[in-house]
Amino acid sequence: MGEARTQDKSARTTAQIEADIERTRDRLAGTLDELAVRVHPSTVSAQVKAKAVAAVEERTARAYVAASGMVEKVKAQFVDEQGQPRRERVVPAALVGVGLVLLIASARKRRKG
């Protein structure tokens, strides 16, 4: 088998060998150009930036979904199945809110005065 290959290679002409070398050079040049583009600082920077943006977008989406879930849970505490407010829960929550606002306002007045 080794002899057959040797005979095939020895039967090639100089022009065929030069053509093979030229094709190999072209492939090598293309590979080197591709590598140069891949490791170029602007390419690396763009890839890092794209990964960072994707990570931020993913986390933002997760936070949005979590916040939406929390809002729905809180809303369910103050609204019944028909969408009507539950007065027995809204009134006490409103009074607590008003009380907190008044407490904070009076604390600020004491600091200034």
Give a yes or no on whether the backbone of V39 and the side-chain of T43 come within a donor-acceptor separation of less than 3.5 Å.
-> no
S45 (side chain) donor-acceptor with P41 (main chain) under 3.5 angstrom | no
Heavy atoms of P92 and R87 approach each other most closely as CD-O, 3.9 Å
Rounded to the nearest 0.5 Å, how far does [atom2] of [Y] lie from [atom1] of [X]?
X	Y	atom1	atom2	answer
T14	I21	OG1	CD1	10.0 Å
L95	L100	CG	CG	11.0 Å
R108	R111	CZ	CZ	7.5 Å

Should V79 and V74 be regarded as members of a common hydrophobic cluster, given that ILVMFWY residues are connected when their side-chain heavy atoms come within less than 4.5 Å of each other, either directly or indirectly?
-> no
Would R86 and E81 pass as an ion pair if we require N to O under 4.0 Å?
-> yes
